[in-house]
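Chain letters run A, B, ... following the sequence lines, proteins first and then strands; every chain starts at 1. Remember, it's a predicted structure, so these values are computed and weren't measured experimentally.
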Protein chains: 2
Amino acid sequence: MIKEIINSIYRISSNSLAEIEKIVKYENYDKGISFIEKNKLNNKEYFLLEGVCKSYLINPEGNEITLSFFDENSVLSPYTTRTSNNRSLICFKSLTDIKLASIDANIFAELMVNNLEIRNFGNQVLRNELACKVDKEIGLASLTAKERLIKLREQFPLLENLVPHTDIATYLGITNISLSRLRKGLIK
Amino acid sequence: MIKEIINSIYRISSNSLAEIEKIVKYENYDKGISFIEKNKLNNKEYFLLEGVCKSYLINPEGNEITLSFFDENSVLSPYTTRTSNNRSLICFKSLTDIKLASIDANIFAELMVNNLEIRNFGNQVLRNELACKVDKEIGLASLTAKERLIKLREQFPLLENLVPHTDIATYLGITNISLSRLRKGLIK
DNA sequence: GACTTCCATTAACAAATGATAAGATGTGAT
DNA sequence: ATCACATCTTATCATTTGTTAATGGAAGTC
């Protein structure tokens, strides 16, 4: 049900909701699948119904650097912010088995132009995405790694039990060895 | 002239350009002025015509943390990405004397709805903003401070001669003492 | 000119993080 | 049950970065 996800971000009328539900499709992926790959075609907006996934990029050394985590009942980064010329700028990978709802990004863009409620919803998603990035940016620039871990735990309490610690370490901007040390230091 | 700025981002027809130019106003600020303040009303889009400015936030310790630098002939972060309920989420300060062109954000939003070219321009600005943030995010997560400084110098070669080093240090996520060390290490 | 005042640099020491390598644990396949 | 494989932890040492304090220089004020 994407209704709850949408309304938790910006409340819209059932008419507007119906317009979106008309074009929804569903996709399931096993754990460990890159369902959006860099430089490949992709023209969808996504809702994560079940499971956990991450957005990431490969750095020059060939390592995956986690950009964001996504928990169930959330919206993945909006199409316009991760796409240029229909090609994806970043990758998304399932970290558990996941269930997605997807809609065509072009049709959704039309709905945004023609429907004020949907436009407001879309813009709110956009602002949230930016706010998240600014928040992370500040954290990386002005918090210690330990403080960043504490903050991440507030956002995703179960994350360390669900996903490889390497993914968490690259998100925090440290090595997985350092993460292990921080975890130990936080036990007491 | 905002024409060159707009066309350097997304080429639009002279008709569309005229629609924007009709509503342009101009503002000048001396060095060191916070012309957008957090939690205050602001409803403008900005073009930076001359000078250098930064966006920033105050961290819990009361220090200004630089989010981005803006050089002449660039667009400042778009309204939707830095505003919620008409209140600014972040601050902007001039680091030199600056000349700005501004337009009403609500009128611009209407232009985006009604004019495909302007919509494409606006969306490109949005994508650029996100791409910048992702780029910085990756840098903070996977580069050393020295590498980040080298990258910043590629983007803004003269920055260290124009603005206080403290502003650069908080952008890089280090102290100004560390910045001084890195500068020395990069001289040879 | 003497005086602040602000900034950048440098030094010395402490703390945090990285790199490498070596165990330990758990899972799945056969 | 055993083996291989991946993952997390731990240990050791090197490097980077932070903290505090002192020094020096440039710009502005009186």
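- Note: CG (L95(A)) to P (dT7(D)) measures 12 Å, nearest angstrom.
- Summarising the geometry, the separation between CG on L172(B) and C1' on dT16(D) is reported as 15 Å, rounded to the nearest angstrom.
- In this structure, F47(A) has no ring-ring contact (aromatic ring centres under 6.0 Å, His included) partners at least two apart in sequence or on a different chain.
- Residues satisfying the side-chain contact (heavy atoms from CB on, under 4.5 Å) test with K31(B), not counting sequence neighbours, are D97(B).
- Among residues at least two apart or in separate chains, salt bridge (Lys or Arg N to Asp or Glu O under 4.0 Å) pairs with a member in residues 17-28 of chain B are E27(B)-K44(B).
- Grouped with V113(B) in one hydrophobic cluster are V113(A), the linkage being side-chain heavy-atom contacts under 4.5 Å among Ile, Leu, Val, Met, Phe, Trp and Tyr residues.
- Note that CG of L100(A) and CD of E50(A) are 10.5 Å apart. Values are rounded to the nearest 0.5 Å.
- With sequence neighbours excluded, no residue forms a ring-ring contact (aromatic ring centres under 6.0 Å, His included) with Y56(A).
- Considering E45(B), K133(B), R82(B), E129(B) as possible partners of S77(B), the one that fulfils the side chain to side chain donor-acceptor pair (under 3.5 Å) test is E129(B).
- Scored by the side-chain contact (heavy atoms from CB on, under 4.5 Å) test, N106(A) finds N43(A), D104(A) as partners (sequence neighbours excluded).
- Other members of the cluster containing L143(A) do not exist, because no ILVMFWY side chain is joined to it at under 4.5 Å.
- With sequence neighbours excluded, no residue forms a ring-ring contact (aromatic ring centres under 6.0 Å, His included) with F108(A).
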Table of protein N/O atoms under 3.5 Å from nucleotides 8-10 of chain D N/O atoms:
residue	atom	partner	partner atom	Å
dC8(D)	OP1	H165(A)	N	3.1
dC8(D)	OP2	H165(A)	N	3.2
dT9(D)	OP1	R183(A)	NE	3.1
dT9(D)	OP1	R183(A)	NH2	3.1
dT9(D)	OP2	S180(A)	OG	3.1
dT9(D)	OP2	R183(A)	NE	3.4
dT9(D)	O5'	S180(A)	OG	3.1

Can you tabulate the close N/O pairs, meaning under 3.5 Å, that link protein atoms to atoms of nucleotides 25-29 of chain D?
none

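- For the contact set between residues 142-157 of chain B and DNA chain C, defined by any heavy atom under 4.0 Å, there are no members.
- Close approach of DNA chain C to chain A, defined as any atom under 4.0 Å from a non-hydrogen atom of the protein, starts and stops at dT17(C) to dT20(C).
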